[in-house]
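All figures in this text were calculated on a predicted structure; none of them were measured in a lab.
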Amino acid sequence: CVRFDYPGTGDSSGEPREFNLLAAWLRSIHEAIELIKVKADVRQVGLFGAFLGATLATRVAAERSDVSSLLLWAPFLTGRSFIRTAKLQSNLLNSNAEKRRGSGWLEGDMEVFGFLLSAEFAKDLVRIDLTKLSELPTKRTLIFVKDDKSPELKLSLKLKELGSQADLEVKVLCDVNWVLENQEIPDLLIASAVKWCHKIYPGKIASDDAESSVSAKIAPLDATEGTRRCVVMEDGRGDRWQEEAIFFGTESNIFGILSTPDVIQNRKHTGIVLVSGGNNSRPGINRNYTEWARGWATEGFTVLRFDIRGLGDSPPREDEERNVLYLESTQQDLEDAVSRILLEPDIKRVVLVGLCAGGYQGFQLALKNPQIYGLVLLNPLRFHPVDSKVKNANFHGYLKDFIETIPVSYYLHFLLNVNNWSDLIAWRKMSLRIIRSGLAKVAMSVWRLFCMLKSTQNARRRNSVLGDILRLTQRNTNVLVVYNAEESILPYFKVALSPGRSKLRASGKFTLVETGAADHIFSPIWSQEMVYQVVSEYLKTGIVCSKSSRSICRHE
């Protein structure tokens with residue numbers, strides 16, 4: 001089985017504005033077919049595709065004679081329907097109300113969930129129409145419907161008209177939105193596909209109860225051996241870097257990709273570890289980790305992006321589920337990543353960069369590991385350790401928990417400081433919530449004092465955020481926090497830091513940047529570029545928001 005990323009997506013090379021990008025995508029399917037024929041020594045192959053991938057798989061199969069079967073999940077019948085659906089869903093998002101555009105924006109371009117669909121790509125895509133196929137793609141096809149209203153029946157009838165044995169699974173086996181939102185495996189769909197393969201390839205697939213004597217042991221690649229398997233890559237601007245797929249960790253089962261400068265003499269002494277945020281594997285949301293890693297590698301940094309255990313290509317531990325956020329055991333994965341990047345030549349210090357849950361994991365490790373030179377937190381939602389395993393944890397629970405750790409005196413300190421009144425005016429409704437929270441704290445404190453009770457807060461958790469950040473700065477760890485201005489936790493984060501703001505400012509080791517017209521995952525393309533620019537300035541100079549970026553962020 002071969003799985004791959006189209007050019008300009010995931011870990012593959014290429015850019016979204018690459019010339020004839022759709023042709024490159026189709027060509028990559030052809031190349032994957034040729035690859036597996038050689039590797040597996042077979043003459044016929046099957047193709048599986050989901051959504052647009054199913055559309056392109058059918059298109060490629062119609063151009064070849066060696067595709068024996070197709071498994072299609074919710075294929076778009078036309079490229080035009082994909083574009084229409086993408087536009088509709090993108091318009092439902094309100095993360096970029098100001099319609100800011102990324103660099104290089106051209107008339108006719110589209111921005112869909114943080115990805116660029118160029119006008120040329122869209123123009124080529126709308127020419128695809130599976131309802132007008134004239135060549136038989138394959139003799140055997142299994143189609144899974146998306147929902148009760150999707151038009152897969154129309155494609156099934158068309159394939160039968162061309163002479164294919166087209167089976168249609170009319171029962172909705174998996175809710176697409178559920179799978180995408182929760183990053184779940186569509187088990188029922190996979191089981192149905194396997195059963196179908198047993199049927200059309202009798203005797204060629206081992207039965208479910210067959211004993212397997214096959215086991216895999218991944219040998220660790222020692223960076224000191226000098227035996228490296230690097231690929232030299234180049235972008236459209238002529239910038240070059242090297243990339244290498246690696247396995248590391250005590251059991252050599254954590255998968256990652258190293259991006260390094262092409263010229264050893266240009267290497268800086270700083271290594272960057274990108275920590276997965278949420279249920280997202282190493283390329284990051286919107287492929288931003290891939291893009292950032294390659295950009296920083298061209299600037300001389302060594303960068304590691306990797307899958308924590310239970311995400312992407314790193315299997316979960318035996319006693320853990322996949323896609324569980326804020327696991328304490330993830331700290332060991334991050335420790336292993338730091339140890340691995342320190343094996344690279346000339347790397348003497350490490351910076352951790354993490355979005356959301358990735359920021360939390362980086363924050364927790366930095367408190368324990370003095371080797372962490374710098375810490376970049378992008379829209380962190382949580383700072384305190386989690387007491388239990390929480391799958392797809394609720395943000396409102398995080399926020400409530402965070403608010404409970406803020407003592408009443410911090411609210412008073414923040415509200416009585418005239419320098420914070422401009423924030424209160426800008427926050428509007430959120431300001432009322434802060435004031436209500438402060439008054440509630442005062443009332444509770446008075447009541448408990450009246451009742452002769454002790455502290456209003458758990459002493460172990462009181463003021464932990466301010467104290468922890470001060471401890472990091474006193475240890476000379478540089479801390480950069482980037483927040484979207486609309487994040488609900490940001491005002492409370494500022495309240496939590498209020499009594500120590502002057503100390504943080506005097507340390508020169510703490511920077512807080514706010515940006516608008518974005519969202520929690522920085523999906524708007526302009527915001528992805530902004531975050532890259534801000535973090536790049538921080539990495540190179542320790543100073544953020546120079547003249548080139550003051551217009552897009554608030555900074556102190």
Are the side chains of S281 and D313 in contact, using a 4.5 Å heavy-atom criterion?
no
Does Q331 reach the main-chain N or O of L365 with its side chain, forming a donor-acceptor pair under 3.5 Å?
yes
Would V350 and L352 satisfy side-chain contact (heavy atoms from CB on, under 4.5 Å), going step by step from the backbone distance to the final call?
CA-CA 7 Å; V350 178; L352 304 179; 4.1 Å; yes
Please assess Q528 against E291 for the test side chain to side chain donor-acceptor pair (under 3.5 Å), listing each intermediate value before the final yes or no.
CA-CA 10 Å; Q528 298 173 39; E291 298 287 353; over 6 Å; no
Contact between H384 and Q364 at the side-chain level, heavy atoms closer than 4.5 Å - yes or no?
no
Residues S536 and W296: side-chain donor-acceptor under 3.5 angstrom:
yes
Flag the pair L56 / W25 as yes when at least one side-chain heavy-atom distance between them is below 4.5 Å, and no otherwise.
yes
Can you tell me how far CG of L142 sits from SG of C197, rounded to the nearest 0.5 angstrom?
8.0 Å
Which atoms form the tightest heavy-atom contact between I489 and L381, and what is the distance?
CD1-O, 3.3 Å
Scanning both residues in full, the closest heavy-atom pair of D336 with G249 reads OD2-CA, 3.7 Å
Would you name the heavy atoms of L116 and P16 that are closest together and state the gap between them?
O-CB, 3.8 Å
To the nearest 0.5 angstrom, please state how far the CG atom of L21 sits from the CZ atom of R27.
9.5 Å
Taking the side chain as every heavy atom from C-beta outward, state whether P261 and R267 have any pair of such atoms under 4.5 Å apart.
yes
T138 (side chain) donor-acceptor with S68 (main chain) under 3.5 angstrom
yes
On a heavy-atom basis, the closest approach of N286 and F115 is CA-CZ, 3.3 Å
Point-to-point distance, once rounded to the nearest 0.5 Å, from CG of L399 to CD of E487:
10.0 Å
Over 12 non-hydrogen atoms of neighbours within 6.0 angstrom of NZ in K368
yes
Note: D11-R305 ion pair, threshold 4.0 Å (strictly below):
yes
Say whether T270 and R349, considering side chains only, have a donor N or O and an acceptor N or O under 3.5 Å apart.
yes
Check: D5/T9 side-chain N/O donor and acceptor closer than 3.5 Å
no
Output yes when a side-chain donor or acceptor of E111 lies under 3.5 Å from a complementary backbone atom of I525, and no otherwise.
yes
Has the side chain of N280 got a donor or acceptor atom that lies under 3.5 Å from a matching backbone atom of G284?
no
Please test S276 against Y289 for side chain to side chain donor-acceptor pair (under 3.5 Å), starting from the C-alpha separation and ending with a verdict.
CA-CA 9 Å; S276 298; Y289 278 14; over 6 Å; no
Can you check ring-ring contact (aromatic ring centres under 6.0 Å, His included) on F363 and F383, steps first, answer last?
CA-CA 7 Å; F363 184 69; F383 296 88; 5.4 Å; yes
Is a side-chain N or O of S314 found less than 3.5 angstrom from the main chain of F255, in a donor-acceptor match?
yes
For atom NZ of K268, is the number of surrounding heavy atoms from other residues, nucleotides or ligands below 6.0 Å larger than 12?
yes
Under a 3.5 Å distance rule, please check whether Y538 uses its side chain to pair with a backbone N or O of N478 as donor and acceptor.
yes
I372 versus V338, closest heavy-atom pair with distance
CD1-CG2, 4.0 Å
Under the side chain to side chain donor-acceptor pair (under 3.5 Å) rule, what do D519 and S523 come out as? Steps first, then yes or no, please.
CA-CA 6 Å; D519 56 14; S523 62; 2.4 Å; yes
Determine, step by step, whether T260 and E344 satisfy the side chain to side chain donor-acceptor pair (under 3.5 Å) criterion, reporting the C-alpha distance in whole Å, the side-chain angles of both residues, the deciding distance to 0.1 Å, and the verdict.
CA-CA 9 Å; T260 57; E344 291 298 298; 5.8 Å; no
pair I272-V353: side-chain heavy atoms closer than 4.5 Å:
yes
Is there a donor in the side chain of N484 and an acceptor in the side chain of E486, or the other way round, less than 3.5 Å apart?
no
Heavy-atom check, side chain of T58 versus side chain of L72, under 4.5 Å
yes
When you look at D333 and R309, which way does the salt bridge (Lys or Arg N to Asp or Glu O under 4.0 Å) test go after all the steps?
CA-CA 7 Å; D333 300 341; R309 297 290 297 271; 5.0 Å; no
Taking the ring of F51 and the ring of F76, is the distance between their centroids below 6.0 Å?
no
CG of L274 to CH2 of W292: how many Å apart, nearest 0.5 Å?
8.0 Å
Before accepting this row, confirm whether a basic side-chain N of the pair D148/K171 lies closer than 4.0 Å to the acidic partner's carboxylate O.
no
Got more than 12 heavy atoms from elsewhere within 6.0 Å of NZ, K37?
yes
Closest heavy-atom pair and its distance - S259, E243:
OG-OE2, 2.7 Å
Kindly indicate whether the side chain of L304, heavy atoms from C-beta on, has any atom under 4.5 Å from the side chain of I246.
yes
Do R294 and S13 pair up side chain to side chain, a donor and an acceptor below 3.5 Å, judged on atom types alone?
no
Given the rule in the ring-ring contact (aromatic ring centres under 6.0 Å, His included) test, do Y492 and F402 qualify, once you have shown the distances and angles that lead to the verdict?
CA-CA 8 Å; Y492 293 100; F402 184 81; 7.5 Å; no
Are any non-hydrogen side-chain atoms of I185 and I190 less than 4.5 angstrom apart?
yes
Check whether the side chains of D262 and Q242 place a donor and an acceptor atom closer than 3.5 Å, and report yes or no.
yes
Would you confirm whether T55, through its side chain, and P75, through its main-chain N or O, come within 3.5 Å as a donor-acceptor pair?
no
Taking the six-membered ring for Trp, is the centroid-to-centroid distance between F48 and W73 below 6.0 Å?
no
Check R64 with D66, please: is the shortest side-chain N to carboxylate O separation under 4.0 Å?
yes
Hey, does the side chain of H269 reach the backbone of D346 with a donor-acceptor pair shorter than 3.5 angstrom?
yes
Regarding Y201 and S69, do their side chains bring together a donor and an acceptor under 3.5 Å, going by distance alone?
yes
Main-chain N/O of P524 paired with S527 side-chain donor or acceptor, under 3.5 Å
yes
Polar side-chain atom of Q361 near backbone of L327 as donor-acceptor pair, under 3.5 Å
yes
